[in-house]
*Asks:* 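Handing you this structure, nothing more for now.
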Amino acid sequence: MSSSGFVLLDKIAGETSFKALFPLKRVFCTKRVGHAGTLDLRASGLIIAATGRATRLLPYIEAKDKCYTFRLHLGYETDTLEWDGEVVEQDKMGCHPGAEGDRIQCGVPSVTRADLEAVLPQFIGDIDQVPPNYSAVKIDGHRASDLANRGREIELKPRRIHIESLKVVGEGLVTEGCTGKSFASFDLECNCSKGTYIRSLGRDLARALGTCGCVSMIRRHRIGDVTVDRAVRGDALTPEHLLPVDQVLDFPVVRLNDDQVKAIRLGNWVPWRTPVENLSTTPGSEKFVFTADKDGAVIGLGVYDPGRICPKFFLGDD
């Protein structure tokens, strides 16, 4: 079996995306591994990892749209925008004085499902989003999360993202370990572009409702057309879980004869008069194809130009 390919991992909550790659290094006996799209420590779900030369394809995976579910807690906000972070704001909306002096007891819903659904259209389409302070966004070469841990003041700039769809799929659910008092909780599903932070989305949804909020139970279900039900947990990984690259990325595959394979391997273009169907055009107008040998084994990524195929990089074994 080739040492290069993709592995679909189902990351568990509480494990870093980096640590999730350790089983790949052990099972495939290589240090050349990588992944597309980091998941938060407490998030779970699909990670598409790569080994060997297939790591060069990860930017094309990362550019794909994604689907998440998450739980929105209304009534308090934390420094990390997660349910178990340090509380930085507690909204008394929907709360009433308790019987123990100044203690506040919450639990009276002040935001209904209809209220939440009424603000969702504000977040559909192209929107500007400010990433969380605790994130991997770089500021002068340093991760924002590292600066936040040092107590530095952080001011991140908004980023343009795209949300294709956003809907409520459940309500009234509680997550163990909340550090603040929430007066309402909802489960949502979001289909969105690269660069979307679900924690920021939860914060902004709460503010649109006139309160504050945070999230829990973030789970990534899909990257492009690949779903988490095809993924494997790291402790169950075997060599058989290594997938050919054309089973994960949907670039067309063109089969070459032996002479054409040699030319591509040497970095030369080959004439190509046969029409290529299902070409994907990138923002840079490159039309990518996988080049394969006569048996259908992918050997490289190429660019289709009218009348020829040019090599971009080699993926096959030496």
Side-chain angles (χ1 to χ4, degrees), residues 6-27 33-49 61-62 64-88 131-137 143-146 148-149 166-180 182 185-192 194-203 205-206 213-224 226-237 241:
F6 287 122
V7 175
L8 310 182
L9 292 174
D10 186 353
K11 186 184 93 68
I12 61 174
E15 177 182 65
T16 66
S17 297
F18 179 75
K19 186 177 180 181
L21 299 183
F22 287 3
L24 276 76
K25 300 177 181 179
R26 172 179 53 82
V27 171
V33 299
H35 70 280
T38 299
L39 278 172
D40 291 339
L41 173 67
R42 292 167 179 80
S44 68
L46 179 63
I47 286 180
I48 299 181
I61 295 289
E62 193 164 1
K64 300 285 188 180
D65 62 323
K66 301 168 180 68
C67 175
Y68 297 89
T69 54
F70 64 100
R71 184 164 296 166
L72 172 65
H73 302 279
L74 298 173
Y76 75 102
E77 184 176 314
T78 69
D79 55 350
T80 62
L81 301 181
E82 294 175 307
W83 81 106
D84 60 349
E86 182 178 345
V87 177
V88 295
N133 285 348
Y134 284 86
S135 66
V137 175
R143 286 175 179 256
S145 56
D146 293 338
N149 283 326
L166 183 61
K167 63 180 179 180
V168 181
V169 295
E171 59 183 306
L173 302 169
V174 177
T175 299
E176 184 178 350
C178 288
T179 49
S182 60
S185 295
F186 301 92
D187 283 352
L188 294 95
E189 178 185 281
C190 177
N191 288 276
C192 55
K194 167 190 175 181
T196 301
Y197 279 93
I198 297 300
R199 288 177 288 142
S200 292
L201 178 59
R203 173 201 64 202
L205 283 167
C214 56
V215 302
S216 67
M217 308 293 288
I218 299 174
R219 181 163 176 79
R220 185 158 64 200
H221 295 266
R222 180 182 58 78
I223 300 175
V226 180
T227 57
V228 73
D229 57 3
R230 295 175 56 190
V232 62
R233 293 286 178 89
D235 56 5
L237 185 65
H241 289 110

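Residue numbers count from 1 along this sequence.
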*Asks:* Could you tell me the separation between the CG atom of Asn191 and the OG1 atom of Thr196, rounded to the nearest 0.5 Å?
*Replies:* 10.5 Å

*Asks:* State, to 0.1 Å, how close Val215 and Gly202 come at their nearest heavy-atom pair, and which atoms those are.
*Replies:* CG1-CA, 3.7 Å

*Asks:* How long is the straight-line distance from OH of Tyr68 back to CD1 of Ile223, given to the nearest 0.5 Å?
*Replies:* 7.0 Å

*Asks:* For a 4.5 angstrom cut-off between non-hydrogen side-chain atoms, does Glu86 reach Thr78?
*Replies:* no

*Asks:* Could you check whether atom NZ of Lys167 has more than 12 heavy atoms from other residues, nucleotides or ligands sitting under 6.0 Å from it?
*Replies:* no

*Asks:* Determine the sole option in Ile47, Thr69, Val228, Ile198 for which the side chain to side chain contact (heavy atoms under 4.5 Å, CB included) test with Arg220 is passed.
*Replies:* Ile47

*Asks:* Nearest 0.5 Å please: distance from the OG atom of Ser44 over to the CD1 atom of Ile12.
*Replies:* 9.5 Å

*Asks:* Which pair of non-hydrogen atoms, one from Pro23 and one from Gly234, has the smallest distance, and what is that distance?
*Replies:* CB-O, 3.6 Å

*Asks:* Which pair of heavy atoms, one from Leu81 and one from Pro132, lies closest together, and at what distance?
*Replies:* CD1-CB, 3.9 Å

*Asks:* Looking only at atom types and distance, does a side-chain atom of Ser185 sit under 3.5 Å from a main-chain N or O of Val174, one as donor and one as acceptor?
*Replies:* no

*Asks:* What I'd like to find out is whether the side chain of Asp187 reaches to under 4.5 Å of the side chain of Met217, using heavy atoms alone.
*Replies:* no

*Asks:* In terms of relative ring orientation, are His73 and Tyr76 parallel, tilted or perpendicular, with 30° and 60° separating the classes?
*Replies:* tilted

*Asks:* Salt bridge (charged side-chain N to carboxylate O under 4.0 Å, His left out) with Arg222: which residues, sequence neighbours excluded?
*Replies:* Asp65

*Asks:* SG of Cys214 to CZ of Arg199: how many Å apart, nearest 0.5 Å?
*Replies:* 11.5 Å

*Asks:* Among pairs that include at least one residue of residues 7-16, which meet side chain to side chain donor-acceptor pair (under 3.5 Å), considering only residues two or more places apart or in two chains?
*Replies:* Asp10-Arg219

*Asks:* Could you pull out the closest heavy-atom pair between Cys190 and Leu166, with the gap in Å?
*Replies:* CB-CD1, 3.7 Å

*Asks:* For the residue pair Arg42 and Asp84, establish whether any side-chain heavy-atom pair is separated by less than 4.5 Å.
*Replies:* yes

*Asks:* Please enumerate all residues that pass side-chain contact (heavy atoms from CB on, under 4.5 Å) together with Val226, with sequence neighbours excluded.
*Replies:* Leu8, Leu46, Ile48, Arg230, Val248

*Asks:* Using only atom types and a distance under 3.5 Å, with no angle test, would you say the side chain of Trp83 pairs donor to acceptor with the backbone of Glu176?
*Replies:* yes

*Asks:* Is the backbone N or O of Gly85 less than 3.5 Å from a side-chain atom of Thr179, with the two atoms forming a donor-acceptor pair by type?
*Replies:* yes

*Asks:* How would you list, by chain and number, every residue that makes a salt bridge (charged side-chain N to carboxylate O under 4.0 Å, His left out) with Lys194, sequence neighbours excluded?
*Replies:* none

*Asks:* Could you report the tightest heavy-atom contact between Gly45 and Leu39, atom names first, then the distance?
*Replies:* O-CD1, 3.7 Å

*Asks:* Find the distance between OG1 (Thr80) and CG (Asp40) and round it off to the nearest 0.5 Å.
*Replies:* 9.0 Å

*Asks:* Got a sec, which residues hit side-chain contact (heavy atoms from CB on, under 4.5 Å) with Val168, two or more places apart in sequence or on another chain?
*Replies:* Arg113, Leu116, Glu117, Leu120, Phe186, Leu188

*Asks:* Please find the pair of heavy atoms, one from Ala20 and one from Leu9, that lie closest to each other, and give the distance.
*Replies:* O-CD1, 3.5 Å

*Asks:* Give, for atom OG of Ser216 and atom CD of Glu82, the distance between the pair rounded to the nearest 0.5 Å.
*Replies:* 9.0 Å

*Asks:* Could you tell me which residues satisfy salt bridge (charged side-chain N to carboxylate O under 4.0 Å, His left out) with Lys64, sequence neighbours excluded, listed by chain and number?
*Replies:* Asp250

